[in-house]
Structure formats: C-alpha cells, structure tokens
Asker: 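Here you go, one structure.
By convention in this document, chain letters (A, B, ...) are assigned in the order of the sequence lines, proteins followed by strands, and residues within each chain are numbered from 1.
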Amino acid sequence: MTAGDENLGEMLARRGFGRRGLLKFAFAMTASLALPPALAAAMAENLAAAKRQSVIWLSFQECTGCLETLLRTDSPTIAGLIFDFISLDYQEALMAASGSAAELTLRQAVAANKGKFLLAIDGSVPVADGGVYSLTGGKSNVSMLEEIAPDAAAILAIGTCAAYGGIPKAYPNPTGAVGVEDVITDKPIVNIPGCPPIPEVLSGVLVYFVSFGRLPDLDERKRPLAYFGTTIHDQCYRRPYYDQGKFAKSFDDEGARQGWCLFELGCKGPTTHNACASLKWNDGTSFPIESGHGCLGCSEPDFWDQEGGFYTSLAGGAGPGWRESGIAAAVGIAGGAAAAFAARRKTPEAQE
Amino acid sequence: MTLLAFARGPAMQVATLVLIVGMFWRLSGILLLRRRVAHAAARNPFAVRLLGGAVTIVTRTIPRRTFWPRVGAGVALSYVFHIGLFIVLFGGAPHILVIYELFGVSWPDLPKGVVVVASGITLAALILLLVRRVTHPVLKMLSTPDDYISWVIVFLPVATGILLSGETIAGYGTLLALHILSIEALMIWLPFGKLMHVTLVFAGRFMLGHNFSRKGAAT
C-alpha cells in the first residue's frame, strides 16, 4: 500500500492514535461544530475511511500571518495530523519548488483533482488597473483566481483579507482590493475571517468537509455558523460587568485592574462575530480581551475603517467637524434671517 | 458599508448638520421677527420684569388647581414621560459616554437595571399619551400630523433602546444601528416640528412672564 492509498484511520493508527482517540476527537469536533453528539460516531467512521483531500492554496495580497498562525501547532494534535493528512498540493511559501517548476505543479494539481480540490485563498484580490498590484509568475491574482476557481469543489477564503478585502481594502484602497466573493460568484465559498483567523475554525471546516462531503452551515456572510453564530460579546467572560454597568474608563484605572468591561475603551466585541472568547488562542491560553485590550473587530468587514477608530466606543460616532458645523450654523442664521425679514415685509401694519 | 457604519458615519454627519442648520434657522427667525412696540408705560421696572419672567418659568410647570380635573392625567403622564426620558438620557452609561466624547464632560452612570425600568415606564407613558390623544375628543381635534410624527420620532429611540439593552430580536450591531438611526431621525425632525419645544419652552414662558409683569399682571 502506498502513502497515497492510505486512509486517515490507517495513517492515525500508524502514528499511534487508535480508534478510541479518533472517536474522542470526533466528539470534540461535533461539539466545536455545534453538531448533535450522535453524529460523532458517524464522523469518526467517515474520517477513518476518508482519503487525502486535495487542497490548493493560493496566497494573494497578504502578509502571511494567516498561514503563519495556521501552521503554529504547539503539539502533534489530531487536528495537526488532519492538516498533515490533507494533500496540500500547492502552497508557494511552503513548497520546495519555485519558478516554472512551481507553475507546473499548480497546473498538474488542478488537472489531477479537477472538481474535487478545495481552493484555499489568503489575501485580498487587487482588481484596480487590471490587477497589476499583485502578480505571481507574471499573472495577476484576479486572473489566477478566475482561471482556477471553476475547477474547485469549493473555495475557502481564509482571513479577513480573502473574505472581505481586509487591510489592503482600507481607505483609500489604492489597489482596488476586494474579497474572493466579490470576484467569484458561482462557487460555494466559506469565509473564515479573522486577522488572523482561528486555526481550529479551519480544521473544523476541513473535518466537516472530509467527514460529510459537504460544507458546514453558513451565515449570511458565508461564515461557518458554528463559529460565527454569536458575537465575542455574547461569549465574553467580562459580559456580566457590561450588564452591571461596570466599565473600565482607561487602560490603567481601577476598573481595568478589576477586569471590568472594556466597552467604553472601544471594544468591538458586541458587533464582532467570532469564536475568540470560546476557543481562545495559543492552545486556549487567552484572547485579546482577556489580555486587557478591547476587541478590534478584525473578523468583520471594513474593520480598519471603523468610524472613530479602535478606541472610540460603539456608542459614539463621527459627527461633522467644527468647520462644517460653523458653516451649517451660518446657513441656518442666514435662512432664519431671510425668513424673518420676509415675514416683516408681509406685516407692514405692525411697523415699529 | 454595514448599517452600523452608515449610522455612525454618514448618517450621523448629515443628521448633525441638519440639526444645526434647523436650530439656528428657527432661533434666528424667531429673534429677528418684528416685535410689536408697546406704547403704554411699563407698570414694573426692568428688574421686576426679569423676575416675573423667571417666576413664570416655575409657576407654569404645574397647571392651576382649577384645571386639574381636566388636564391632570395628561400632565401627570407627561411628567412621567419626561422624567423617565431624563433618567435614561442622562443616567445610561452609553449616553453619558456619547456626551463625554462630544463635550468632554462626564458623571457617574446609573445601574443598567434602573435605566431599563425607567425606559419601560417612559415607553408606557408614551403609549398612554398617544391613547389619550386619539380618544380625547378635543385633543384629537386639535392634533395635527406634527403631533403624530413627533410621537413616532420619540417613540422609536426609546423602543429600540429597550430592544438594544435586551439584545433579543436581533444582533447587537443591528439593534445599535437602528437605535442610532432613530436618534438621527429625531435630530433631523427636532427643529422643524413641535419637538422644538426642547429649546423654546423656557424662553417662551420667560417672555410670557416678562410681558405679564410689564402690564402689571400676576405671574
């Protein structure tokens, strides 16, 4: 039996994970994906029988932070092995091949897995000026996407840039950056936003796809409902303080030391859908709010251009400046004066 | 652009500018209107007339006892509504935060439970005031579209604020956007309808008391 014929059950057994371990993993994943526990046995069975899933990963206008965080497994977990188990057939930052050899690899991977591979994208797609702002081997990102996407089974837009345009799309967006869904409209797309996204969310989506042969339920923004169905605020351990009206007023006051709610310091948790507060980061160590800083809302569209910036509370907004307000006041006074003098002309009998 | 970003950004700017234009338009229009010249000699000196105006601001806060049977219920409901709105507006933590961000002044907020109860009472008073308006024969006849539009414009921020505090029928972001948009609708309507009494009520009473005092009438 060659490594290519090996299924997941056989590979895990070879690495020391038995059926019991796979079943425990399946129970954890069903809980993570908000699936009924009864599906765990079926998931374990399907996973054990699953073949390598081809994944072609294209990096567009990005910082490699998404890939970096997804690769940082701190122990050989089964989720890590799942990543090992997928056949990552093309990933420019990780593959040894380069130049024309890499281009050949891409063409071969697409041809060999036509209609079956998952197309993973990180980074936004610059479309201004024919997409010249980000090229790979002389090809623009947008032309690569349009060429390869029709052959994919589905697309995973990994990170806020791929999902919604992210930081490259921030005003004034000189490259015309957009998300994948703005370019490809006729393929199933899963958005896994976050700057960076939570690794467990990607492994959850992959496990679901490998187990059941379809994508998990998505919300209106094409995000996996199990991970993005609630806000950070809903799951936040500081939520009771919000309900009690106990807010930190600055980052070093008594409220901050007591761990009170960071709403007044600009926390965007109430409007940010993500699983940071439940899954946390660095092997469940903590997440930004637990570290004392408000949520930036990095998994929401246009988070970089929020009115008022990161440290203005959601209760506030951006009104006009003093100059505009002054002009408005002058217009008002002029209008009022004109109306008053018009009224004076109509009432000559009341002359002073 | 999300609905919340629209509410916190462009809509906030437009609403504020319309509010400023409208307020200055109305106030300058009133101040520059022709005043009738009083030819009769004043019964009281200037200082007494000022005092008369100030006293009237206070005495007109409660109707005379003779009128209580007819207007008592309406006045009581109005007071419940106004006091409730005052508590919500100046006691709620997010509202104080907005004021702080705008003007740099702040004060301790009330517990959220107190603000929620005050919101509920305010909303109930508003509904009862509408019921009274549409069932009272004289009040119904005197009512104009301005009254009903103003009622809706005030009702919406209170109602969306209660929904926002409970986060029940929609997500926080959507409810916050609706709450802010309803307040912006109020800001746009305020200078052009009867809600303008927010700025004119005390000035109007003062002028009335001043004129009464000039003529020697009781204030």
Asker: Checking A:T312 against chain B: side chain, backbone, both or neither under 4.5 Å from a heavy atom?
Answerer: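 Both backbone and side chain.
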Asker: Run the side-chain donor-acceptor check on residues 314-329 of chain A: report pairs under 3.5 Å with partners two or more places apart or on a different chain.
Answerer:
| from | atom 1 | to | atom 2 | distance (Å) |
| --- | --- | --- | --- | --- |
| A:E324 | OE1 | A:G321 | N | 3.2 |
| A:S325 | OG | A:G321 | O | 2.8 |

Asker: Given the options A:V331, A:T231, A:D305, A:D243, which has more heavy-atom pairs under 4.5 Å with chain B than any of the others?
Answerer: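 Heavy-atom pair counts peak at A:D243.
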Asker: Less than 4.5 Å to any heavy atom of chain A: does that hold for the side chain of B:L17, its backbone, both, or neither?
Answerer: both
Asker: What residue, out of A:H233, A:K246, A:Q244, has the most heavy-atom pairs lying under 4.5 Å from chain B?
Answerer: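 That would be A:H233.
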Asker: State, with a plain yes or no, whether a side-chain heavy atom of B:L97 is found less than 4.5 Å away from one of A:F247.
Answerer: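 They are not in contact (no side-chain heavy atoms under 4.5 Å apart), so the answer is no.
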Asker: Where on A:A337 is there a heavy atom nearer than 4.5 Å to chain B: the side chain, the backbone, both, or neither?
Answerer: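 Both parts, backbone and side chain.
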Asker: If we ignore hydrogens and angles and just use 3.5 Å, is the side chain of A:R344 paired with the main-chain N or O of B:L32 as donor and acceptor?
Answerer: yes
Asker: Rounded at 0.5 Å granularity, tell me how far CD in A:E300 sits from CG in B:L4.
Answerer: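 With rounding to 0.5 Å, CD (A:E300) is 10.0 Å from CG (B:L4).
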Asker: Of all the heavy-atom pairs spanning B:S28 and A:G336, show the shortest one and how long it is.
Answerer: OG-CA, 3.3 Å
Asker: Side chain, backbone, both or neither: which part of B:L19 has a non-hydrogen atom closer than 4.5 Å to chain A?
Answerer: neither
Asker: Would you mind checking which part of A:Y242 comes under 4.5 Å of any heavy atom in chain B, side chain (CB onward), backbone (N, CA, C, O), both or neither?
Answerer: both
